[in-house]
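Everything on this sheet refers to the single structure shown next.
Order of listing sets the numbers, starting from 1, for every ligand and every atom in it.
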Amino acid sequence: MAALDGVAFDEILEMVEVPTDHRMGDYAFPCFKLAKAMRKAPPAIAQEICEKIRDNEMFAKVENVNAYVNLFMAREPFVQNIVGEVISQGDSFGRSSDGNGKKVIVEYSSPNIAKPFHIGHIRSTVIGNSIYKLYDFLGYDTVRINHLGDYGTQFGKMICAYRRWGNEADVVNEPIKTLLGYYVKFHEEAEKDPSLEDEARTIFTKLERGEPDEVMLWQWFRDESLKEFGRVYTMLGIDFDSYAGESFFSDKMAKILDTMEESGLLQESQGARIVDLSEHDMPVALITKQDGSTLYITRDIAAAVYRKEHYDFYKNLYIVASQQNLHFQQWIKIIELMGYDWAKDCVHIPFGLVSLEDGTMSTRHGRVVFLEDVLTKAVEKTKEIIIEKGVNTDNIDETANQVGIGAVVFQELSSSRIKDYVFSWDKVLNFEGETGPYVQYTHARIASVIRNAGAAAFEKALDINQAGIQYIAGDSAYELAKLIYQFPTIIVDAAEKYEPSILTRHIVDVAQAFNRFYHDEHILVENEEEKAAKLALAYAAKTVLKNGLGLLGMAAPEKM
Ligand code: ARG
């Protein structure tokens, strides 16, 4: 890059564009931004660059059109390099060490104890899991936190209802449905007899003071609920490093309130304590109620301070619904006003609502759809499709699991996270659309081609220098190779924007490009060199699909 004195290589790379019209080159380089550094008119710069790099063997053709340099790569060296790179890196293709030494907290899922883990929660769980995987792949030191909603006055109500109308066996059999039932029953009864509210408050105060009977019941409700959540996490293949939820901060409240007091932020208001955020165009934040009890926001402030002290994070990410935008704006502002400069490293990553095809989801109208039921149904339906289509598999149940659950996950990560979306069975389980099953099927199809080629032929393909590269320089092969080449950049982009859908989109593109190649070309041909080259390219595509699916939290079946 001697042609561009005074401009850093990174800056140059950032300026490179991919023209939408392929006749304008594989890459285009606009020279506008160089005018200042090089003190020349952009078209003159473009012409100069053109002349200097024209003879480089990386390029088949270099053209200069106005202020642009249009680059046509020499296909063979390009394809050879990228396929060779993927073969040598395998499962690590796209991995990097950029994040080494930097701690990123990813908080996701965070359901409420004794409340249904419904299809709305799948968003945080699945998006968060993918964001964690992306950061992990980029070398960051990640911590996965499930900030459980396991604290608050509702536990006083639940304990009260359990003591009056509950029974142990029901809780053990169906913890969440049963506990939720107690909660509903409590409200019905409290309408008739308001003294129940006082009783529940007293119980919660006891819980806060750590009285053994109340703590024991609360702990039991929590454990039973976690068992139920655990089943869903197992189905999704999801794990956490910490379940430090709201209750974890109950004994850290006094200290955080002192700190807030010292920073002069807290104001008295009718016995409650608040932070006035009117200067920042936000409503007042209620920090403690009249009876001194703390709130959801107080626990978030305490949690952030704790995380900074305990983990010294580089970034502290929260994957939480956009309905909570104001809540996050408020508490992050409060952290900033407390004088913590790391407030800027706390990032709320919001997402839109899921609704069902036949209307919106609402807890109030009892139209909750449980996530576990959705996943189970996806697996059952997939099993039917597998049997009906005669899908190639050694283990129907395993494939049905991988594809059924993968389908739900993939749909979840298909459009940009902030968009509201409608959950549709037909879309989720379609094997032909831009869906999870389609990408997984393409992966399995490549695996099958490789199996059919036999071990010896595949072995040969892995030595890219022996392969006949000219056979994978045609249009469809070259388009596929270019997409494979982009994979590592796509991962960085998806991580930086906290947007797994960028990756989802890309692996659909790779799958489609492979299928075009597969349609246009015959892979298992007589000519050994040609076969080796085509197998190598197919294997590179398979590697990208596998790594990509893995980063979305999905399996990549070898047969399907
Ligand atoms: N438990 C909350 C809910 O289900 C989500 C918690 C989000 N995380 C947080 N740090 N506030 O609505």
Side-chain angles (χ1 to χ4, degrees), residues 104-129 131-132 143-155 158 176 179-180 183 218 221-222 225-226 228-230 232-233 238 240-250 252-253 256 282 285-287 294-311 313 315-335 340 342-343 345-354 361-364 368-372 417-418 498:
V104 172
I105 293 179
V106 190
E107 188 214 286
Y108 58 107
S109 201
S110 309
N112 299 323
I113 297 295
K115 294 264 179 71
F117 195 142
H118 57 73
I119 161 158
H121 282 113
I122 193 186
R123 302 223 70 190
S124 171
T125 309
V126 167
I127 296 170
N129 185 47
I131 291 178
Y132 144 69
V143 183
R144 299 161 292 178
I145 299 183
N146 192 333
H147 186 81
L148 291 174
D150 58 359
Y151 208 64
T153 45
Q154 72 270 28
F155 288 94
M158 231 170 291
I176 297 195
L179 293 171
L180 187 66
Y183 192 66
W218 167 82
F221 293 166
R222 187 181 190 270
S225 297
L226 269 183
E228 195 163 327
F229 297 150
V232 173
Y233 294 140
I238 282 178
F240 295 93
D241 300 303
S242 160
Y243 281 88
E246 294 186 44
S247 69
F248 181 77
F249 300 98
S250 61
K252 298 172 181 61
M253 287 300 161
I256 200 75
M282 282 184 262
L286 183 59
I287 303 297
T294 58
L295 292 101
Y296 179 52
I297 192 166
T298 329
R299 295 188 278 274
D300 259 324
I301 296 168
V305 172
Y306 172 84
R307 288 181 194 177
K308 187 65 196 177
E309 284 170 1
H310 192 74
Y311 297 107
F313 55 74
K315 282 266 178 324
N316 179 21
L317 312 177
Y318 295 82
I319 292 83
V320 182
S322 60
Q323 284 124 306
Q324 297 196 26
N325 280 356
L326 176 63
H327 167 77
F328 277 89
Q329 280 156 11
Q330 283 181 312
W331 78 250
I332 294 175
K333 179 54 86 181
I334 292 173
I335 291 279
Y340 294 122
W342 48 263
D345 304 323
C346 296
V347 188
H348 175 213
I349 300 168
F351 53 82
L353 281 177
V354 198
M361 198 157 34
S362 141
T363 324
R364 229 170 309 142
V368 184
V369 176
F370 283 78
L371 179 53
E372 191 174 359
R417 64 180 148 74
I418 201 68
Y498 311 117

Take the angle between the ring planes of Y233 and F240 and call it parallel below 30°, perpendicular above 60°, tilted in between. perpendicular

Just to confirm my output: which protein heavy-atom neighbour is closest to atom 10 (N) of ligand 1, and how far is it? D300 OD1, 2.7 Å

Give the residue, atom name and distance (to 0.1 Å) of the protein heavy atom nearest atom 12 (O) of ligand 1. Q324 NE2, 3.1 Å

Nearest heavy-atom pair of I418 and S322: which atoms, and what distance? CD1-CB, 4.3 Å

Give me the nearest non-hydrogen protein atom to atom 4 (O) of ligand 1 as residue plus atom name, then the distance to 0.1 Å. N112 ND2, 3.2 Å

Of the side chain and backbone of K115, name the one, both, or neither that has a heavy atom under 4.0 Å from an atom of ligand 1. neither

Side chains of L226 and L148 in contact at under 4.5 Å (non-hydrogen atoms): yes

May I ask you to list the atoms of ligand 1 that are less than 4.0 angstrom from any heavy atom of Y318? 10 (N)

Note: ligand 1 atoms sitting under 4.0 Å from heavy atoms of V320 are 7 (C), 8 (N)

Taking the side chain as every heavy atom from C-beta outward, state whether T294 and I256 have any atom pair closer than 4.5 Å. no

List ligand 1 atoms under 4.0 Å from E107, heavy atoms only on the residue side. 7 (C), 8 (N), 9 (C), 10 (N)

Which of the atoms in ligand 1, numbered in the order shown and given with their element, are less than 4.0 Å from a heavy-atom of H121? 4 (O)

Report yes or no: is the cationic atom of K252 (NZ for Lys, CZ for Arg) under 6.0 Å from the centre of the six-membered ring of Y306, at an angle within 45° of the ring normal? yes

From Y340 OH over to I334 CD1, what is the distance, rounded to the nearest 0.5 angstrom? 12.5 Å

Check whether any heavy atom of R299 sits under 4.0 Å from an atom of ligand 1. no

Give the residue and atom name of whichever protein heavy atom lies nearest to atom 6 (C) of ligand 1, and the separation in Å to one decimal. Y296 OH, 3.3 Å

Is the shortest heavy-atom distance from the side chain of W218 to the side chain of S247 under 4.5 Å? yes

